[in-house]
Amino acid sequence: MRNLAPLYWAEAKMSMQQQAQYRGVAFINVLGFLIEPIVYLVVWRTVAEQAGAINGYGVDEFTAYYIVWTLVRVFNLALAPGAWDWWVSSGRISNDLLHPVSPYHRNLSGFAGAKIVWIAVWIPVAIFLALLFRPGIQPTLFQAGMLFVSAWAGYVIRFNILYVMGLLSFWTTRAQALIEVVIALELLLSGRLVPMAVMPQWVQDVSSWLPFKWTFEFPIEVFIGQLTTTEIWQGLGYQAGWILITSAGYVLLWKRAIKKFTAVGS
Amino acid sequence: MNRFLHSVGVTLIHWRLAAQYEVQYRFNFVLQIIQSGVRLVTGVVAIRLVFGYTSDLGGWSEAELLAVLGIHILLGGVLGTFVIPNMFTFMFQVREGELDYALVRPVDAQMFISTRQIRFWNVVDIATGAIVLGWAMADLTTSLSALDVLWFAVGLLCGLTVLYCVWMAFTTTSFWLINTDDMAQLLSGLYDAGRWPIRVYPMWLQGVLTLIVPMGVAITVPAEALTDRLSLGAMALLIAVTIVTTVLTRAFWLYGVRNYSGASA
């Protein structure tokens, strides 16, 4: 087993430096992410004000949920599957295949490094949102630490899912239709649209068998105090399981994918 | 007048060519149906969830919110078909130094760069929006007068003009800024805020979506015309916003062109 730590560190550092050059772009990106949660936040705060708390979510919980949402969204960003379409059809992937390690590692570490800058940009935005909406929660140091761990784990799961979908481009140029459906399922079943507690019970049951909520809702609920300590540890266990499953999916598909590739345009 | 008719003729030729190009890729039609379906399902699910817990949202009923969603999808379809493809091409050409080829044509440059492309299959969104709007209208108990329909048509026209101007003004910044693709993401996010009536938002956000980036008012006012909520003040505000954004966008574009030194020259 090769030691990939130096590669991960070098790629992350490079990506961080690159992003730090474009701080304005990073700020606009983070602003772009804000609109969606602010809309959800306003709508669900209004509902909670009119109807009272919904399955443990009152005005404060919805507010806290959608503010932490913005951080988890930043953590969640991963390589878009659509990028593979162009890499494969243009033959640009040939350059990446000449490297002694799979592009997976460079992409995973590169996105991780970029997040450090995005998170730094996110901090003042989060303070602004907290002052504006005043969420009434008091997270413990343990919850804050677990948010950090679970958000990184969520990133790896989501990265793997999108990577596996991207690899379908080695077989078809029309993977986009499938990708659209998976992204829609993710929106509904990850907690991105609403906390799963707001969804009907059968949707909550379905979501617990899928990886999506472990990438998005779980880190948020860890921080805002919706889970007990036991549930947090169990959730981390589920995340570890999904990292293993999705990584296995990548390994299996990657070996077959590069055999399929015939160096178009190289 | 002749110059205007000439520009219209050039636009129609571009549209015909673009449509012929697009229909070659018929699978994109299937893809577009899936994308529109996804947008529709997520929009309807969000509304249904809200009304699972309350009977109104800031005074708006479920059918009224469905009408807003229909207009949001419909206007989004018009933007996606006629406006956004042109804006991306424009940004790309500025970056690559290819805009000179557009500026030297014997037609108005703003009209040329705004109308030379269409993404034909996005008409699926226009049709979807119209169907959702029809579905909402069937659920609404209010009866529409001819005047309501007229205000709706005026509101829709003003809304479209405002949305075009906002996109045009933002993409004009590509004369100075390098990475305007991210700006496009921001605009898409702001447009999505129009999926709900801006009256449910806090005052500061209503102000942003009415005066700074007037995308919210462009969608909400036409919906208000159909749901018996329209005040004369709201319509007057939309008309005023339309006139101001049109004038400012044109002035900004001309200023940008004057300062453009032609990257390929």
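What you are looking at is a predicted structure, and each value in this text was computed from that prediction instead of being measured.
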Self-check item: Which atoms of Glu180(A) approach chain B - backbone, side chain, both or neither, heavy atom under 4.5 Å
Solution: both

Quiz item: What class does the angle between the rings of Trp253(B) and Phe175(B) fall in, given that below 30° is parallel, 30 to 60° is tilted and above 60° is perpendicular?
Solution: tilted

Quiz prompt | Close aromatic pair by centroid cut-off 6.0 Å: Tyr40(A) and Trp44(A) | solution = no

Self-check item: Toward chain B, the part of Leu132(A) with a non-hydrogen atom under 4.5 Å
Solution: side chain

Quiz item: What pair of heavy atoms forms the shortest contact from Phe159(A) to Leu108(A), and how long is it?
Solution: CZ-N, 3.4 Å

Quiz item: Taking only residues two or more places apart in sequence or in another chain, which ones pass side-chain contact (heavy atoms from CB on, under 4.5 Å) with Ala12(A)?
Solution: none

Exercise. Answer with side chain, backbone, both or neither: which region of Val194(A) has an atom nearer than 4.5 Å to a non-hydrogen atom of chain B?
Key: side chain

Quiz item: For chain B, which of Leu193(A), Ile183(A), Ile54(A) has the most heavy-atom pairs under 4.5 Å?
Solution: Ile54(A)

Quiz item: Is the side chain of Arg119(B) donor-acceptor paired with the backbone N or O of Ala19(B) at a distance under 3.5 Å, no angle test?
Solution: no

Practice problem: Check the angle between the aromatic planes of Phe62(A) and Tyr66(A) and answer parallel, tilted or perpendicular using the 30° and 60° thresholds. | Solution: parallel

Quiz item: Between Val39(A), Leu187(A), Leu185(A), which residue shows the highest count of heavy-atom pairs closer than 4.5 Å to chain B?
Solution: Val39(A)

Quiz item: If you look at every heavy atom in Gln204(A) and Ala197(A), which pair is closest and at what distance?
Solution: NE2-O, 3.5 Å

Quiz prompt | Those residues of residues 56-82 of chain B, ordered by number, that approach chain A below 4.5 Å (heavy atom to heavy atom) | solution = Asp56(B), Leu57(B), Gly58(B)

Exercise. Can you check whether anything in residues 187-213 of chain B gets within less than 4.5 Å of chain A, heavy-atom wise, and list it by number?
Key: Gly189(B), Leu190(B), Ala193(B), Trp196(B), Val200(B), Tyr201(B), Pro202(B), Trp204(B), Leu205(B)

Quiz item: Regarding Tyr155(A) and Asn76(A), is there a side-chain donor-to-acceptor distance under 3.5 Å anywhere?
Solution: no

Quiz item: Among Gln35(B), Gln32(B), Arg39(B), who wins on heavy-atom pairs under 4.5 Å with chain A?
Solution: Gln35(B)

Practice problem: Using a strict 4.0 Å threshold on nitrogen-to-oxygen distance, state whether Asp96(A) and Arg106(A) make a salt bridge. | Solution: yes

Quiz prompt | Closest non-hydrogen atom pair between Glu61(A) and Ile224(A), with its separation | solution = O-CD1, 4.0 Å

Exercise. Tell me, with the steps shown, if Tyr163(A) and Trp84(A) meet ring-ring contact (aromatic ring centres under 6.0 Å, His included).
Key: CA-CA 9 Å; Tyr163(A) 217 78; Trp84(A) 284 93; 5.0 Å; yes

Quiz item: Just by distance, do the side chain of Lys115(A) and the backbone of Gly110(A) share a donor-acceptor pair under 3.5 Å?
Solution: no

Quiz item: Is a side-chain N or O of Gln24(B) found less than 3.5 angstrom from the main chain of Tyr21(B), in a donor-acceptor match?
Solution: yes

Practice problem: Could you please state which residues from residues 43-54 of chain B sit under 4.5 angstrom from chain A, measuring non-hydrogen atom to non-hydrogen atom, sorted by number, or 'none'? | Solution: Val45(B), Ala46(B), Leu49(B), Val50(B), Tyr53(B), Thr54(B)

Practice problem: Give, as side chain, backbone, both or neither, the part of Ile38(A) having an atom under 4.5 angstrom from any heavy atom of chain B. | Solution: side chain

Quiz item: Do Leu140(B) and Thr227(B) touch side chain to side chain, with heavy atoms closer than 4.5 Å?
Solution: yes

Quiz item: So, the side chain of Thr220(B) versus the backbone of Val217(B): is there a donor-acceptor pair under 3.5 Å, distance only?
Solution: no

Quiz item: Should we say atom CZ of Phe29(B) is surrounded by more than 12 heavy atoms from elsewhere, each under 6.0 Å from it?
Solution: no

